[in-house]
Structure formats: structure tokens, C-alpha cells
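Just the heavy atoms: all of them, side chains too, but no hydrogens, waters or symmetry mates, feed the values below.
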Amino acid sequence: MIRQYELVEAVKEYDPLANEELLNRAYVFAMKAHGMQERASGDPYFTHPLEVAGILVGLRLDVATIVTALLHDTVEDTLATLEEIESIFGKEVAFLVDGVTKLSQIAFQSDKAKQAENFRKLLIAMSSDIRVLLIKLADRLHNMRTLHFVKSAEKRMRVAEETMEIYAPLAERIGLHAIKDELQDLAFAQIHPEESASIVSRLQQLREQDEGLLQPILDAITETLKKNGLPAAVSGREKTPYSIWRKMQQKNITFEQLSDIMAFRIIVETISECYQALGIIHSAYSVIPGRFKDYISTPKSNNYRSIHTAIIGPNQHRIEIQIRTKEMDEVSELGVAAHWQYKQGANRDGYQYQWLRGLLDILETAEGPEEFLEHTKLEMFQDQVFCFTPKGDLITLPRGATTIDFAYAVHSNIGDHCKGVYINGRSRPLRTELKNGDQVAIITSKTQHPSPTWERFVVTGKARAAIRRFVRQQMHQQFTSLGKTLAQKEFLQAHLKLDEKKLEKAFEAFKVKTVEDVYASLGEGLKHPSELIRILYPDYKPAATKVSTSLPPPKQPLGSPDISGLIPGMAITFGECCHPVPGDPIVSIITTGKGAKIHRSDCNILDQYMDTPERWIDVHWNEDAQQTDRHAVRISMVVVHQPGSIAAVTAIITRQNAHIINLRTKHRTAEFYEIGIDLSVKGVEHLKNIIAALRTSQRVVSVERS
Ligand code: MN
């Protein structure tokens with residue numbers, strides 16, 4: 001634990017004019033306020049604000065921030081009041097403490113809509129002063145470092161997930177890369193403990209195997225640059241366990257194939273030297289295509305500047321290289337905090353909040369929001385779009401949502417009567433997919449009603465349910481009037497009177513409760529009009545040669561609830577060739593006598609249907625398709641031929657909550673098994689997690705979806 005005088009000394013080292021007295025007062029105030037309170041670890045509670053202050057000292061932040069860090073939990077957790085803090089520490093500190101307290105009260109929930117709303121609150125809370133966020137991130141970092149002391153597993157999981165989804169992306173957004181990495185690794189260890197442990201131990205093994213490997217590569221690169229007249233500082237580091245996990249999850253690679261577990265950094269003096277270094281490296285080693293990125297000429301939105309490239313380096317190792325100046329390096333390590341320091345003393349008003357202002361602007365105007373959400377990796381929002389009503393109210397929709405979804409999200413009445421739409425002031429077709437920042441004005445008309453075709457391009461449950469409800473109603477009306485006509489015709493031919501008052505007699509046999517429904521069951525073909533005659537006139541004998549005039553009854557609806565876009569009632573089967581699961585892009589092919597067959601859109605079998613476009617139908621997965629894990633999928637893998645390998649593999653799969661339907665050995669050598677496994681999964685994401693988990697195992701050589 002850092003001591004009072006150490007804290008003051010550390011601050012004075014980078015800020016000689018720091019208000020020492022204020023720091024001391026805050027130290028004593030917080031220590032007294034927290035008194036005998038304890039952390040889950042059993043340590044005195046005061047160790048927490050002190051550690052948080054220590055993290056911020058590491059970022060070389062100003063006295064008000066450090067003082068706030070010491071006080072940050074006093075208003076929420078002790079008897080201290082904001083008024084008291086303002087009278088002792090002044091307005092600035094009171095304002096910051098208030099901001100952090102408010103921020104702590106925002107509870108992120110799994111409900112995405114609520115999360116978006118809370119995210120908006122968070123942005124507004126932070127946009128008044130970026131230091132509030134810096135303190136909150138330091139607070140979260142210390143809480144994550146001590147997470148293992150928390151007894152409730154549920155709470156640990158919730159905190160870890162929130163860290164992964166909200167705080168790590170925010171840390172990255174403001175360029176605090178080191179904090180982001182640590183937050184992610186700590187959260188990863190909680191959320192996927194086994195995978196994390198497995199990666200950590202394999203990294204350890206590699207380190208032992210390749211002992212001294214980092215150094216020779218470092219020396220070789222330094223030497224190459226020096227020979228070409230460019231002295232530079234070269235450093236090397238390992239990738240973090242979480243970033244390795246992400247790569248294994250997203251790309252079809254195993255641990256051994258991870259080329260860039262090692263990354264190197266070249267620091268030079270000037271921008272022109274950056275390009276000079278790049279030239280030297282590229283001519284000395286083979287470049288891995290597709291990996292070169294120039295963030296110096298085009299900086300990232302968080303001001304990150306650097307050149308990235310990947311090469312087959314010394315000793316034929318595939319490595320990643322970053323090239324940047326000293327200043328760029330400092331900004332990239334400390335992010336907004338570094339920026340803050342550079343400007344210290346200058347008029348602070350507004351400049352350090354620029355990115356936050358920008359964030360709000362982006363959410364509120366149509367310019368470049370796509371880029372914001374994609375490039376900042378605020379992943380939780382990548383599957384959402386933020387749109388606005390003409391009055392500026394925020395409507396959050398799932399990605400892929402169209403104007404019809406928007407209309408229903410505003411109000412079901414607006415959806416039901418939606419006739420046209422203006423997006424950002426321009427008239428657009430109703431099926432237009434919405435983009436982030438779109439301002440959407442819906443034109444309604446009383447005479448307009450939902451069309452069944454809308455169902456093909458809506459993605460929200462609310463819109464789909466409303467359209468279905470309307471279509472069902474409409475169909476009911478049509479069936480009713482058709483049924484009535486059929487009954488009238490039948491009765492007329494039999495020279496009998498159709499007395500509506502007597503239709504009650506048929507209620508029981510028809511299993512209905514109204515006259516309308518009696519007709520509807522005739523119209524729908526569930527019952528034949530002659531049955532109605534038999535009930536109303538039990539003595540009537542039909543003429544022997546009578547020809548039925550009613551429609552044949554339709555087939556029982558067989559449509560899978562997982563797929564939409566097909567005609568109701570159509571039978572559905574899934575291709576055994578490609579085993580599509582929710583999340584896969586799919587198409588449907590109409591097959592004679594067998595209804596619709598669903599294939600993955602990259603299934604080879606589709607080639608056979610290229611010249612019969614009329615058999616293709618656009619379909620997509622329903623939102624609720626992922627709720628169940630009954631989607632069969634096939635993976636094939638190569639495992640080490642050792643006792644217990646298969647058991648280890650099945651244990652991993654079981655821990656990922658998937659069911660094994662079938663397992664067979666396809667091929668066996670002295671060293672390896674090739675096995676095929678059929679699983680039932682919830683969807684593509686679930687499958688990706690299973691495959692990534694398998695790849696972390698030492699017994700697994702390769703895993704692929706068949
Ligand atoms: Mn705290």
C-alpha cells in the first residue's frame with residue numbers, strides 16, 4: 001500500500017507546484033470517513049481509494065483528480081456529504097466526486113435497450129469532464145484486481161461482464177491501452193477461467209522453449225536499422241491472453257498458427273524516420289501481405305498514430321511491428337491522459353473533452369457514426385443502430401432494422417398506419433435499412449395498413465408480432481366472408497334456409513364461440529358446409545350426385561418458427577450438406593414435394609440451382625431462433641492420439657453447454673485421431689465459443705466446422 005508521503009512525493013515529481021496540503025487533507029478525510037469499513041479481502045476499505053489514487057498518479061494526473069480518487073467512495077459509502085466536500089475541497093473536487101458517484105449508480109443490465117439508454121446517460125455524465133471517466137476506470141481496475149476476493153460468483157461474473165462490455169472498450173476509446181489490456185485479461189480470467197488458464201500456461205511454455213528468442217530478434221532488428229543509418233529504440237512484448245483468445249475465436253487458427261504472439265515496437269525521433277524505418281524493415285524482410293496499416297497519415301479516431309506491419313522476421317518468425325515517434329508512443333500508452341498533460345496550464349476549457357463531444361455529435365448527427373461504432377470496438381453496440389425521431393428522441397434498434405421497425409418502435413399505431421418515410425430529409429422506400437445517426441420521419445395515413453410483405457424485412461419482434469396480428473385479423477375476415485358465401489351456396493343448392501340464429505347449434509361441433517367463427521372455419525376449409533347442414537337439418541338427405549363446391553382443406557401449417565420469409569404453412573427442412581444454424585447467412589430452395597430446404601448461403605449444393613432462380617427464396621432467422629440449442633452442426637477435428645484425448649474433448653464441449661449427438665473416428669494414425677462430432681448448438685456464436693475453447697486444449701491439433 002502506498003503511503004501518504006509517497007503519494008505526495010509521486011505527484012510532486014511530475015507536478016512540482018501541486019497543492020500538497022489538499023492531498024494530505026483528502027488522505028486524512030477519506031481514511032477517517034471509511035473508518036473501520038473493510039473490503040471483501042479483509043483489508044481496510046481505505047486501501048481501495050488509495051490504490052485508485054495510485055493508478056491515477058501513474059497516469060500523472062492533476063491534483064484535483066488524485067484528491068477525487070481518494071474521496072470517490074465517501075459520498076456513496078460513508079456519512080460524508082457532497083456539501084461537506086465542497087466546503088473543504090472546493091467546487092472542482094465536489095463536481096468530480098459527484099460525477100463519479102453518479103457514474104457508479106448507473107447499473108448496466110443485460111437488457112440491450114436499457115443498456116443503450118444507460119450508455120447515453122454515461123456519455124452525458126462523462127462529457128462534462130473526462131477526468132470523471134479516468135477515475136471511474138481506475139476504480140474499476142482496482143476492483144477487477146481484487147475481484148477474486150468477492151464471494152458471490154454471480155456478482156463476480158456480472159462485474160467481469162460489465163468490464164468486458166463497457167469499461168474495457170471505453171478505456172480503449174480514450175487510448176488507455178495498458179488499462180484496457182489489464183481489464184480485459186482480468187475479466188477474461190473470470191468469464192472463461194479454463195481457457196484463460198490454458199492460454200496462460202501455453203504462453204509460459206513458449207517462453208520457456210523460446211528462452212532468449214525475444215532478445216535475438218530485438219538485436220537483429222536493431223542491427224538492421226543501425227546498418228542502414230537509423231539508430232532506434234526497439235522493444236518487444238507478448239500479446240495478452242485475451243487478445244490471443246479473440247484471435248482463436250475469430251480466425252480459423254490454432255495456437256501454433258498465431259503468428260504474432262510477439263510484437264515489436266520501433267521508436268524513432270521524427271515522422272520521416274518512421275517511414276525510413278518502414279522502408280528498411282520492408283526491404284530486409286519478407287512482408288506478410290494485408291497487414292500493413294498507416295495510422296500516421298490516417299490517425300484512428302482516438303488519436304492513435306503508428307505504422308503497423310507484419311513480416312517474416314529474423315529466424316523465420318512471423319512477427320508484428322509497430323513504428324512510431326516518442327510522442328506518438330506516449331499518447332498511445334497514456335491516451336487522453338497524455339493529451340491532458342501536454343495541455344496542462346493552458347486554458348483547460350473543453351479541449352480534453354473533445355472526443356466525448358465528438359462522440360455525442362456523432363450520435364446526434366448523420367456524419368460518420370458507422371465509423372465511430374465500428375472502429376472504436378464498442379462491441380456491445382455493433383449490433384445496434386441509434387436513430388432519432390424528428391424531435392431528437394433516441395430510438396435504439398437491432399442492426400439490420402428497417403423503417404418499419406422504427407415506426408413500430410415509436411408506437412404501434414404509427415407502425416400500423418405507416419405509409420412512407422423521410423430519412424435525413426429524403427424520401428426513402430419503407431424497406432430501407434437504417435444506419436447510425438439517421439433521423440427518421442414516418443408519414444402515416446389512416447387508410448394504410450400493414451402488408452404481409454413487410455414481415456420479410458422487419459427484424460424486431462414488436463414489428464413482426466404487430467404485422468402478424470394484423471394479417472391474421474385480415475385473413476380471419478377473408479375466411480369469414482368466404483365461408484359465408486360457401487354456406488349460402490350449399491344451402492341454396494339444398495333448398496334449405498340458412499338461419500344465422502340457428503348457427504349456435506354448430507358451436508360445439510365446430511369448436512367455436514361466434515357465428516363469424518363458424519363461417520371462418522368453413523372459409524379456412526377446416527369444416528365442410530355439408531356438416532353445417534347435417535347439424536342444422538339432421539333429417540335432410542343430400543342428393544347422391546352432389547358435387548362439392550368448397551375448397552379442399554389446406555395442409556396443416558408446418559413452418560419452422562425459426563425461419564421467416566416463407567409462405568405460412570410451407571414445410572421446412574435443413575440441408576444435411578451444410579447444417580445451417582442461427583447466425584449463418586441462409587437461403588431457401590423450393591424442392592418439389594418437400595417444401596423449402598434451408599442452406600447456408602455458401603453451401604456448394606447451391607451451384608445446382610443456379611439456373612432456376614425461381615426456386616430461390618430469401619429467408620432469415622427469427623430473433624428467437626437462438627433461444628434453443630437444438631440446431632445440429634458438424635465439426636471435424638484432429639486430436640493427439642493419447643489416452644484420455646477424446647474424453648478431454650467431450651468434457652470441453654460439455655462445459656460449453658453443448659450436446660454431443662454423435663462422435664465417430666474417421667481416421668487414426670499412431671499420432672493422431674481424426675474425429676467428426678455432431679453437436680447441437682444455439683447458433684453461430686455458441687459454435688465459435690466451442691471451437692475456440694477446443695483450440696485452447698493441448699490435445700487438439702485442429703478444429704473446423706465441416
Ligand atoms: Mn470505488
Side-chain angles (χ1 to χ4, degrees), residues 404 407-408 412-419 430 444-456 458 462-561 564-572 590 593 595-596 617:
I404 305 278
Y408 276 107
S412 30
N413 237 335
I414 300 198
D416 279 345
H417 298 290
C418 158
K419 187 184 169 210
L430 284 175
T444 58
S445 153
K446 275 190 185 137
T447 57
Q448 180 69 41
H449 296 295
S451 145
T453 59
W454 287 2
E455 210 191 314
R456 285 195 213 138
V458 297
K462 189 179 179 193
R464 189 172 295 127
I467 296 164
R468 278 200 191 150
R469 197 187 322 120
F470 182 84
V471 170
R472 241 193 332 260
Q473 253 172 35
Q474 213 179 27
M475 273 166 66
H476 188 74
Q477 278 166 21
Q478 283 170 2
F479 284 140
T480 306
S481 75
L482 174 64
K484 192 167 180 174
T485 315
L486 291 173
Q488 283 166 343
K489 214 165 164 186
E490 191 86 5
F491 277 75
L492 195 69
Q493 277 176 355
H495 304 289
L496 294 169
K497 188 175 169 247
L498 176 58
D499 186 349
E500 287 203 348
K501 284 174 199 146
K502 290 184 181 166
L503 287 183
E504 268 182 36
K505 290 184 187 169
F507 285 2
E508 204 186 325
F510 278 43
K511 297 194 182 84
V512 296
K513 288 193 177 91
T514 65
V515 170
E516 238 181 43
D517 289 345
V518 171
Y519 287 138
S521 19
L522 297 178
E524 217 172 324
L526 300 172
K527 295 284 176 189
H528 194 275
S530 61
E531 289 178 61
L532 196 58
I533 292 184
R534 252 201 319 278
I535 293 165
L536 265 55
Y537 298 95
D539 302 334
Y540 174 75
K541 296 272 180 302
T545 54
K546 238 187 68 53
V547 177
S548 168
T549 54
S550 70
L551 300 171
K555 282 190 189 132
Q556 205 58 27
L558 290 167
S560 161
S564 59
L566 288 169
I567 301 150
M570 191 172 264
I572 291 179
I590 302 303
I617 295 184

### Side chain to side chain, Leu532 and Glu490, heavy atoms closer than 4.5 Å
no
### Query
To the nearest 0.5 Å, what is the distance between CD1 (Ile404) and OG1 (Thr453)?
8.0 Å
### Task
Check step by step if side chain to side chain contact (heavy atoms under 4.5 Å, CB included) holds for Lys527 and Leu522.
CA-CA 5 Å; Lys527 295 284 176 189; Leu522 297 178; 4.0 Å; yes
### Query
Do Tyr540 and Leu496 have side chains that get closer than 4.5 Å, going by heavy atoms?
yes
### Query
So do the side chains of Trp454 and Tyr408 get within less than 4.5 Å of each other, counting heavy atoms only?
yes
### Query
Hey, does Lys484 have a side-chain heavy atom less than 4.5 Å from the side chain of Glu500?
yes
### Message
For Gln488 and Tyr519, which I'm curious about, is there any donor-acceptor pair between the side chains at under 3.5 Å?
### Response
no
### Query
How many angstroms lie between atom CG of Leu536 and atom CD of Glu531, to the nearest 0.5 angstrom?
12.5 Å
Donor-acceptor list for residues 501-517 side chains, cut-off 3.5 Å, not counting sequence neighbours:
residue : atom : partner : partner atom : Å
Thr514  : OG1  : Asp517  : N            : 3.0
Thr514  : OG1  : Asp517  : OD2          : 3.2
Asp517  : OD1  : His476  : NE2          : 2.9

### Query
What closest approach, in Å, do Cys418 and Leu430 show between heavy atoms, and which atom pair accounts for it?
SG-CD2, 3.4 Å
#### Entry: Arg464 (side chain) donor-acceptor with Val458 (main chain) under 3.5 angstrom
yes
### Message
Taking the side chain as everything from C-beta on, heavy atoms only, tell me whether Ser445 gets closer than 4.5 Å to His417.
### Response
no
### Query
Between atom CG of Leu492 and atom NZ of Lys489, what is the distance when rounded to the nearest 0.5 Å?
10.0 Å
### Summary
The reported gap from CG in Leu486 to OG in Ser481 (rounded to nearest 0.5 angstrom) is 9.5 Å
### Query
About how many Å separate OG of Ser521 and NE2 of His528, when rounded to the nearest 0.5 Å?
13.0 Å
### Query
What pair of heavy atoms forms the shortest contact from His449 to Phe470, and how long is it?
CB-CZ, 3.2 Å
